[in-house]
Participant: 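Quick one: the structure is below, and I'll ask about it shortly.
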Amino acid sequence: MPWRVGPARRSAGERPDPYRVWLSEVMLQQTTVAAVREYFRRFTARWPDVAALAAAPDADVMAEWAGLGYYARARNLLKCARAVVADHGGVFPDTAEGLRALPGIGPYTAAAVAAIACDEPAVVVDGNVERVVARLWAVRTPLPAAKPELVRLAGRLTPALRPGDHAQAMMDLGATICTPRNPVCALCPVSEFCDARAEGIAADLPRKAPKAEKPQRLGFAYVAVDAQGGVLLERRPEKGLLGGMAGFPGSVWDTAPAPAPPFAADWREAPSAVRHTFTHFHLTLRVFVANVGGAGFTPRADFHPAALPTVMRKVWDAAQAVLVPQRSV
DNA sequence: CAGGCGTGGGC
DNA sequence: TGCCCAAGCCT
């Protein structure tokens, strides 16, 4: 990964920049490396250190995070950066315990940053490590009940020397070889020590509690565009789904919402509804469009669909089918 | 403390 | 296609 410090520079005594390690680890929470790479590049180009990020306007950071998901991470990212500047002189704490006290840094991220950036032999346990350890010791207890046991076992493997490299090696092993389905045991460097492999149950571990079915929800979204191409946007409340992000006005999203246009107009329905799946429900949005102006519209020059969360970008895309073409300003 | 909280990719 | 999920945290 581009933000890593390679072995040559490591052996020269160079440590990774804690700011970059922290930023990458927060972005990687529940998110794949492929999805993170470009976001990491843009964030570090625009805000090269924690002081620069701390000084950034909220809306700029939320817009840059748009599309990456779990937007509470972006809100906590800013809170954390500002806390580091305000309470720690602009320097990240150099222990897992100190890091853990900051917003958006939980047990995993605190341990990962401490191990990678500070050489602290912290026990780093993410989903990959849980899987690798559960297989090595053939732990049959389902998650999340097995978590404390898996942390204990992971601690047995954690070395005093190069704990950061160890943590990343464990996670890379889980991401590339000891995968959730079809683990490639033939390529695994520790297959001879793996109890699950010996028992022929590697692919069945770790066991997990069954997940609840996602309910269907419905909603109405309204795209108003004025004669100059300006659009009506609103900022969503700080807490809850898509908190703090920009979006189009609309109804609540539940089983039988009432239409909720922001004002009376000749609303025309887009031919195709938007379908989108969130963590805990499926959503179908009917999209309505009107070519009208009004107060508070965002000028076309300030409107960037890429700064919208993905579900809202889908609404914008669906609206194009019934938008009267605008003359460019 | 179980559930809320996004998204894109892989199979 | 639809379902699985991925380097979790917060309340």
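Sequence lines set the chain letters: A, B, ... in the order given, protein chains first and strands last, and positions in each chain run from 1.
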Participant: I'd like to know if E38(A) pairs up with R41(A) as an ion pair, taking the criterion as any Lys NZ or Arg NE/NH1/NH2 lying under 4.0 Å from an Asp or Glu carboxylate oxygen.
Facilitator: yes
Participant: Counting only side-chain nitrogens and oxygens, does T277(A) get under 4.0 Å of the OP1 or OP2 atom of dT7(B)?
Facilitator: no
Participant: Any chance the rings of F278(A) and H276(A) have centres within less than 6.0 Å?
Facilitator: yes
Participant: Not counting sequence neighbours, which residues clear salt bridge (Lys or Arg N to Asp or Glu O under 4.0 Å) with R313(A)? List them please.
Facilitator: D317(A)
Participant: Considering only nitrogen or oxygen atoms on both sides, find all protein atoms under 3.5 Å from nucleotides 9-11 of chain C and state each distance.
Facilitator:
{"residue": "dC9(C)", "atom": "OP1", "partner": "G106(A)", "partner atom": "N", "Å": "2.8"}
{"residue": "dC9(C)", "atom": "OP1", "partner": "G106(A)", "partner atom": "O", "Å": "3.3"}
{"residue": "dC9(C)", "atom": "OP1", "partner": "T109(A)", "partner atom": "N", "Å": "3.0"}
{"residue": "dC9(C)", "atom": "OP1", "partner": "T109(A)", "partner atom": "OG1", "Å": "2.9"}
{"residue": "dC9(C)", "atom": "OP2", "partner": "P107(A)", "partner atom": "N", "Å": "3.4"}
{"residue": "dC9(C)", "atom": "OP2", "partner": "Y108(A)", "partner atom": "N", "Å": "3.3"}
{"residue": "dC10(C)", "atom": "OP1", "partner": "G104(A)", "partner atom": "N", "Å": "2.5"}

Participant: Assign the ring pair W22(A) / F92(A) to parallel, tilted or perpendicular, where the plane angle (0 to 90°) is split at 30° and 60°.
Facilitator: tilted
Participant: Within 45 degrees of the axis of the six-membered ring of F303(A) and under 6.0 Å from its centre: does R300(A) put its NZ or CZ there?
Facilitator: no
Participant: What residues join Y222(A) in its hydrophobic cluster, counting side-chain heavy atom gaps under 4.5 Å, either direct or through other members?
Facilitator: F220(A), L232(A), F263(A), W267(A), F288(A), V292(A), F297(A)
Participant: Just list the side-chain donor-acceptor pairs under 3.5 Å for residues 193-214 of chain A, sequence neighbours left out, or say none.
Facilitator:
{"residue": "E199(A)", "atom": "OE1", "partner": "R140(A)", "partner atom": "NH1", "Å": "3.4"}
{"residue": "E199(A)", "atom": "OE1", "partner": "R140(A)", "partner atom": "NH2", "Å": "2.5"}
{"residue": "K214(A)", "atom": "NZ", "partner": "T279(A)", "partner atom": "O", "Å": "2.7"}

Participant: Examine dG4(B): is either OP1 or OP2 under 4.0 Å from a nitrogen or oxygen in the side chain of H280(A)? Give yes or no.
Facilitator: no
Participant: Between protein and nucleotides 9-11 of chain B, what N or O pairs are separated by less than 3.5 Å?
Facilitator:
none

Participant: If I pick the P atom on dG8(B) and the same atom on dC9(C), what distance separates them, to the nearest angstrom?
Facilitator: 22 Å
Participant: Quick one: is dT7(B) close enough that its OP1 or OP2 comes under 4.0 Å of any side-chain N or O from Y71(A)?
Facilitator: yes
Participant: Is it true that D58(A) and R82(A) have a side-chain N and a carboxylate O under 4.0 angstrom from each other?
Facilitator: yes
Participant: Between H276(A) and dG6(B), is there a contact of a side-chain N or O with OP1 or OP2 at under 4.0 Å?
Facilitator: no
Participant: How far does the C1' atom of dC5(B) sit from the matching atom of dC1(B), given to the nearest Å?
Facilitator: 16 Å
Participant: In dot-bracket form, how is DNA chain C paired, counting a Watson-Crick or G-U wobble pair only if both its distances are under 3.5 Å and using | for bases paired to another strand?
Facilitator: .|||||.||||
